[in-house]
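Chain naming here is simple, since letters A, B, ... match the order of the sequence lines and numbering starts at 1 in each.
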Amino acid sequence: MARVNDEVEALLLEYADLIAITGGDAFRQRAYERAARGVRGHPEDVSRLDAADLRAVPGVGRSMADKIEEYLRTGRIAALDRARAAVPQGVRRLMAVPGLGPKKAMALYRERGIASVDQLAEAIARDGLKGLAGFGPGTVRGILRGVETLRSAGGRLLLDAATGLADEAVAAVSAAPGCERCAFAGSLRRMRETVGHIDVLAAARDPEPLIAAFTAMPSAAETAGRGPAEASVRTADGFGIDLCVLPPEAWGAGLLHRTGSRAHHARLRALAADAGLRLSWDGLFDAAGGDRVAAGTEEEVYARLGLPWIAPPLREDRGEVEAALRGAPHRPVTVEDIRGDLHTHTDLTDGLASLPDMVAAGAARGYSYYAVTDHAPMLRMQRMTEEKILAQRERLRALAGRHRGLALLHGTELNIGPDGGVDWPDAFLAGFDVCVASVHSHFGLDRAAQTRRLIAACENPYVDIIGHLTTRKIGRREGIDVDLDAVFAACARTGTAVEVNGHPNRLDLRDEHVLLARRHGVRFAVDSDAHSTGELGTMRWGVGTAQRGWLTTEDVINTWPLSRLGRFLRAPGRAPLGRARPGA
DNA sequence: GCCGTTTTCGGCCCGACTGTTTTCAGTCG
């Protein structure tokens, strides 16, 4: 793990789980979970904070600050070590299975000695849970489904964790003497939703110091392989990172080769062959004479093949080469194109940061508009009321003009009920600038019912954006069963945008669904769904997914100027954007 | 364990869903 915050988050979550497993105070457990989220969402590295600043992190008080300091000083937390001694590691890992909580995990261990996911799967296969109290046939079926979901993500990292590791490796190698260039490549550079291993590429005359720096970095728990110009390491969790060092003149060809995808690179090789050239990992060569004709940069190689540079998320052989050959190269939306975030939370509901802090963080990102969209009352645990959200609106209006050039939009994230209804009547919804509507319950409805409810939500004139439409959580929960064609057709017909949620656990819609929706003529909002100031940065993964889905600025409403966005958000009785808002 | 314009104690994330233990515990959002 690269960022100290990630390490601390993991330790606090582990402690919270151990409290739950051993039947400790539920409020204490939640305090640790909350602090873990606070640390995760904190934009600064906790190792650089003094005691007072540490306690300013949401959810961190004296006891947590002491534990974090103890970890930073000694690399251990004594209280956590004691808790670990009481519960076998595998029991905690069982809790990663959807449907298995602390109680059932502990019961499996106590009654059947099961202490790993593999042992659990094996026990189910030989009917070994029979007779165990609380584990009837329905429960066992559910657990088995959970094991399959978990295994579907098996051993792969989410984009935030993979990016953290890759950044650490690139920083370590870049600092080595003689390193001319260094970057990560592979599926991470293409922004696939999960990453099986990380490819790091570097350019240098002498690979040795780079390899030494790479194998010595803190995350490299063991060196799995080593050659004259490459090395492989594994993290403590067994995740693999490869380094390949190239001569500087081969940098572009090497980066192209290592970035892939295999299918895209094969397409380029075929194109080269047609032109009497040969493309390999170290350059583009004249097939007859053997002279290297391009290799220094990706742009040079593409240009020699008659193509413009193609953004890595597009390199999946989904027509990107043909489009470029036709003279209509695809220009995907970029992070720099994003003018605002239309789905964010504050501590009024389940966010961690205050309204002024979230707004300030949005301003710091250079946005021209920023929407606050806290949860609505149907999500009971959030205890939202009309009074609370109206008071928030007043506080938001009072912040207008505080940040030059930033228009503040007041919104909400509505819940789509099983029948497609949402939390508030039209008259109240008309008071919001923007409404996101999302499914948060009744995941088990059948396909027809899910499709009906989503179409009904689209038809609500105040619903502007459908949030995280399939509700999948990578490795935790399959998405709902829904007729996406029918829903996207309804979105296009009603002018309802679909969200590309950038949270690395969600990435919902996923790239294939984005492609499908785009074919229906749907508009999109790429959002962070941030619950802390740091999480506003998840926008980058949303944009990566949008790029993989071939979205352009024309498709994405939050790349548009405020005036055009305002026309899109128009609804009966709703004040036009910019008029009701000083500072807009 | 955290937190505070109802403060230094006593609250804090409530309720639906599911399966099964036939009166409710466990899990989840």
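- Across all non-hydrogen atoms, the minimal contact from A:M95 to A:A105 is CG-CB, 4.0 Å.
- Comparing the P positions of B:dT20 and B:dC14 gives an interatomic distance of 28 Å, to the nearest angstrom.
- Screening residues 369-398 of chain A for ring-ring contact (aromatic ring centres under 6.0 Å, His included), with sequence neighbours left out, gives A:H345-A:H375, A:H375-A:H440.
- Of the residues in residues 465-479 of chain A, those lying under 4.0 Å from DNA chain B by heavy-atom distance are A:R476, A:R477.
- For A:L12 and B:dC2, the CG to P distance is 10 Å, given to the nearest whole Å.
- Here A:T451 contributes atom OG1 and A:D481 contributes atom CG; the two are 7.5 Å apart, rounded to the nearest 0.5 Å.
- Among the candidates A:R548, A:K473, A:R472, the single residue satisfying the salt bridge (Lys or Arg N to Asp or Glu O under 4.0 Å) test with A:E193 is A:R472.
- In this structure, A:T74 contributes its side chain and A:Y71 its backbone to no donor-acceptor pair below 3.5 Å.
- B:dT7 adopts a syn glycosidic conformation, its chi angle falling within 90° of 0.
- If you take CD on A:E33 and CD on A:E9, they are separated by 11.0 Å, rounding to the nearest 0.5 Å.
- Inter-residue side-chain proximity for A:I77 and A:Y15 is flagged as unmet; no heavy-atom pair is nearer than 4.5 Å.
- Rounding to whole angstrom units, CE of residue A:M106 and P of B:dG26 are separated by 13 Å.
- Remark: the separation of the C1' atoms in B:dT27 and B:dC13 is 14 Å, to the nearest Å.
- Rounding to the nearest 0.5 angstrom, the gap separating the CD1 atom in A:I389 from the NE2 atom in A:H410 is 4.5 Å.
- Aromatic ring centres of A:F432 and A:W424 lie closer together than 6.0 Å.
- Here, B:dT5 and B:dG1 have their C1' atoms 24 Å apart, quoted to the whole Å.
- DNA chain B is contacted by both A:G101 and A:A65; A:A65 maps to the nucleotide lying nearer its 5′ end (nearest heavy atom per residue).
- A:K103 has its NZ atom 6 Å from the P atom of B:dG26, to the nearest Å.
- Atom-to-atom, NE2 of A:H375 to P of B:dG29 comes out at 12 Å; the value is rounded to the nearest Å.
- Look at B:dC24: its Watson-Crick or wobble partner, with both distances under 3.5 angstrom, is B:dG19.
- Screening A:H343, A:H503, A:H468 against A:D529 for a side-chain hydrogen bond (donor to acceptor under 3.5 Å, both in side chains) leaves a single residue, A:H343.
- When the C1' atom of B:dC28 is taken as reference, atom CD of A:Q29 falls 13 Å away, rounded to whole Å.
- With both ends at atom C1', the span from B:dC12 to B:dT18 equals 27 Å, rounded to whole Å.
- If you take CD1 of A:I416 and P of B:dG29, they are 17 Å apart, rounded to a whole angstrom.
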Using atom names, set out every protein N or O paired with an N or O of nucleotides 11-19 of chain B below 3.5 Å, distance rounded to 0.1 Å.
from: B:dC14; atom 1: OP1; to: A:R383; atom 2: NH2; distance (Å): 2.1
from: B:dC17; atom 1: OP1; to: A:H442; atom 2: NE2; distance (Å): 2.6
from: B:dG19; atom 1: O3'; to: A:T139; atom 2: OG1; distance (Å): 3.2

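- If you take atom P in B:dC28 and the same atom in B:dT23, they sit 26 Å apart, rounded to whole Å.
- Taking atom CZ of A:R62 as the reference point, atom P of B:dT8 lies 18 Å away to the nearest angstrom.
- Put simply, CD1 on A:I143 is 13 Å from C1' on B:dT20, counting in whole angstrom units.
- The gap from the C1' atom of B:dT8 to that of B:dC2 amounts to 12 Å, rounded to the nearest Å.
- Nucleotides B:dG26 and B:dT21 are separated by 11 Å at their C1' atoms, to the nearest Å.
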